[in-house]
Amino acid sequence: MIIQSGFDLALLARPHIVQAHGVLPRVVALGLDSDMCLDIITIVSDEFRGTLKPHFEEILDALRHQDTKYFAIAHSGCWPETYDGPEPILAEAEALKALASGELGLEMIGHFGMDETGYIPAGPDSYFDEYYNLLPETQHHWSRATLGRCG
């Protein structure tokens, strides 16, 4: 499965966090390979309490997958769309991004907060090709892919 946008990542993560009986306090990690194909999706914690920092090692451990090059995280709870100062959860995500880059050579391409009303992205929600110059092309990738390449 080729991931073309942040919206794709949000759709994949949502069922793990928002379910019919309510929102679960989870952190989900999604890994993509160098061709932007889904490599891994996993629940790294069932105990999210509004802060990412206690889950950094769990997230990094989940991403130590052989083919993961890009990643995103999703968790329960949204941050305000407008705010006067820096939102702590966004600062923590930036720290995780730097840690993953430094320790594992991974690039964070998505961060999503989710609740029963929807989700809020910190980063691209549309096609990655519109935001990043260094990522593989995804809008035309399917025409070049060979059967079984992403699976």
Worked verdict on Ile109 versus Met36 for side chain to side chain contact (heavy atoms under 4.5 Å, CB included): CA-CA 11 Å; Ile109 59 172; Met36 303 298 287; 3.8 Å; yes
Any donor-acceptor pair under 3.5 Å from Arg14 side chain to Asp115 backbone: yes
Check: Ser45 side chain, Glu47 main-chain N or O, donor-acceptor pair, under 3.5 Å: yes
Please tell me if the side chains of [X] and [Y] come closer than 4.5 Å, counting only heavy atoms from C-beta onward.
X: Leu9; Y: Phe112; value: yes
X: Phe7; Y: Tyr119; value: yes
X: Glu103; Y: Arg64; value: yes

Ring centre gap for His111 and His75 strictly below 6.0 Å: yes
Considering non-hydrogen atoms only, spot the tightest contact between [X] and [Y] and give its length.
X: Ala93; Y: Met108; answer: O-SD, 3.8 Å
X: Leu90; Y: Ala122; answer: CD2-CB, 3.6 Å
X: Trp79; Y: Pro121; answer: CZ2-C, 3.8 Å
X: Ala62; Y: Val44; answer: CB-CG1, 3.5 Å
X: Asp33; Y: Tyr70; answer: O-CD1, 3.4 Å
X: Ala10; Y: Met114; answer: O-CE, 3.3 Å

Which side-chain N or O atoms in residues 19-31 pair as donor and acceptor under 3.5 Å with protein atoms at least two apart or in another chain?
residue, atom, partner, partner atom, Å
Gln19, NE2, Pro15, O, 3.1
Arg26, NE, Asp46, OD1, 2.8
Arg26, NH1, His16, O, 2.8

Between atom [atom1] of [X] and atom [atom2] of [Y], what is the distance when rounded to the nearest 0.5 Å?
X: Leu63; Y: Glu58; atom1: CG; atom2: CD; value: 12.0 Å
X: Ser34; Y: Asp67; atom1: OG; atom2: CG; value: 7.5 Å
X: Asp61; Y: Leu104; atom1: CG; atom2: CG; value: 9.0 Å
X: Glu107; Y: Leu32; atom1: CD; atom2: CG; value: 11.0 Å
X: Asp39; Y: Thr68; atom1: CG; atom2: OG1; value: 3.5 Å
X: Ile59; Y: Leu106; atom1: CD1; atom2: CG; value: 12.0 Å

Pair Thr51, Glu92: side-chain N/O donor-acceptor within cut-off below 3.5 Å: yes
hydrophobic_cluster_shared for Leu96 and Ile40, side chain cutoff 4.5 Å: no
